[in-house]
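Here the structure is laid out as structure tokens; the discussion comes afterwards.
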Amino acid sequence: ADLSTTVAGVHLDNVFFNASGVWCQHEEELKALLESGSGSLITKSATFEHREGNPSPRYLPLPGGVGSINSMGLPNEGYEYYLNYAKQFDYTQAKPLFISLSGLSLADNVKMVTAFVEADLPCILEVNFSCPNVPGKPQLGYDIDAMDAALATLAPLIKKPFGIKLPPYFDIAHFDQVAAVVNKYDNLAYVTCINSVGNGLAIDLDTETALIKPKDGFGGLGGLMVLQTALANVNAFYRRLPNKQVIGVGGVVSGKEAFLHILAGASAVQIGTQLKEEGPAMFDRIKKELQEIMEKKGYKSVNDFRGKVKTL
Ligand SMILES: O=C(O)c1[nH]c(=O)[nH]c(=O)c1I
């Protein structure tokens, strides 16, 4: 079965890659992704300056395989590290490179975007509007007018097709309002849904203590327990953005959830929590599982069922 796809005009041999932030902060991790069964790779969201991020423990899987909580706090090497990585990247091999930018201000995003545009590289830029873990920094994705204003500045600068990383929304009116903004920008080629479900609180019964240290234990939720919210956001934007694509992320632990994301409308599928727990060998497992499901159902390509979720 054919798992290949196209996102923002570039070809991926298969739909799978890492969720930004997982296995992608340093070039050794990115090398492991290049050597894995993934179809692409995306870098850790970059800020203008290097950041240590929040104090540990700042990531933990939750008991029973239900998911994870993280309050990493945007640790990254600073955007020049990823610019240099993108400059030396071998674009003749099969995997396209996505670069995630998450400036702490619009001015920082402008400076980082300008540097990447001047370098004129084949990598695809993705602007992260949804980091929930920087104390004092509200998510732009939840301030729709501010996100619109940022896009009004950034889209013309980027010129080429680019994407944005969105937080989960939970209200139909918000799907409508965000889609109306996204549809204004022709070169905004795709949205990646969802980022972690912000500011959950995991508490240990025995110690009666929050699991992670930052922000009194408040952090973004990921993994299987956010699957249905992820599917809703993928399908809501798939229905509302006819000339754009949706990359699905959230709750993918096997070929089954990947199949559901594509059925909901995803053109590609990212994996965070499960990749963090299993490592890059996971991609070979999940590709096989998706192919088995497709073969059992008689689908030859992911294009045969993308967005074809039925309703009652
Ligand atoms: O805490 C983080 O670094 C982080 N964590 C997330 O769950 N999503 C994000 O976009 C980011 I930038």
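Each ligand, and each atom within it, is numbered from 1 in the order the structure gives. Quick caveat: nothing in here was measured; it's all calculated off a predicted structure.
- At a heavy-atom cutoff of 4.0 Å, ligand 1 is contacted by both the backbone and the side chain of Leu74.
- In Pro132, the part holding a heavy atom less than 4.0 Å from any atom of ligand 1 is the side chain.
- Counting heavy atoms from C-beta outward, Ile262 and Val15 have side chains that approach closer than 4.5 Å.
- Ring pair Phe16/Phe283 is tilted by interplanar angle, where 30° to 60° counts as tilted.
- A salt bridge links Glu289 to Arg285: at least one charged side-chain nitrogen sits closer than 4.0 Å to a carboxylate oxygen.
- Taking a cutoff of 4.0 Å between a charged side-chain nitrogen and a carboxylate oxygen, Lys300 and Asp2 do not qualify as a salt bridge.
- In this structure, the ring of Tyr79 has its center no less than 6.0 angstrom from the ring center of Tyr81.
- Ranking protein heavy atoms by distance to atom 8 (N) of ligand 1, first place goes to Asn195 OD1, 2.8 Å.
- The contact set between ligand 1 and Asn133, taken as ligand atoms under 4.0 Å from a residue heavy atom, comprises 1 (O), 2 (C), 4 (C), 5 (N), 6 (C), 7 (O).
- With contacts defined as side-chain heavy-atom distances shorter than 4.5 Å, the pair Leu231/His261 qualifies.
- One finds no salt bridge joining Glu77 and Lys44 here, because no Lys/Arg side-chain nitrogen approaches an Asp/Glu carboxylate oxygen to under 4.0 Å.
- Remark: ligand 1 and Ser45 share no N or O pair separated by less than 3.5 Å (distance only, no angle test).
- Considering backbone and side-chain N/O atoms, Pro75 never comes within less than 3.5 Å of an N/O atom of ligand 1.
- Ligand 1 lies less than 4.0 angstrom from a heavy atom belonging to Lys44.
- If you check which protein heavy atom lies closest to atom 11 (C) of ligand 1, you get Cys131 SG, 3.3 Å.
- Proximity of Lys137 to ligand 1, defined as any heavy-atom pair under 4.0 Å, is not found for any part of the residue.
- Between Phe305 and Phe259, the distance separating the two ring centers is shorter than 6.0 angstrom.
- At a heavy-atom cutoff of 4.0 Å, ligand 1 is contacted by no atom of Val134, backbone or side chain.
- Only side-chain heavy atoms of Asn70 come within less than 4.0 Å of ligand 1; its backbone N, CA, C and O stay farther off.
- Remark: ligand 1 and Ser71 share no N or O pair separated by less than 3.5 Å (distance only, no angle test).
- Heavy-atom separations between Gly220 and ligand 1 are all 4.0 Å or longer.
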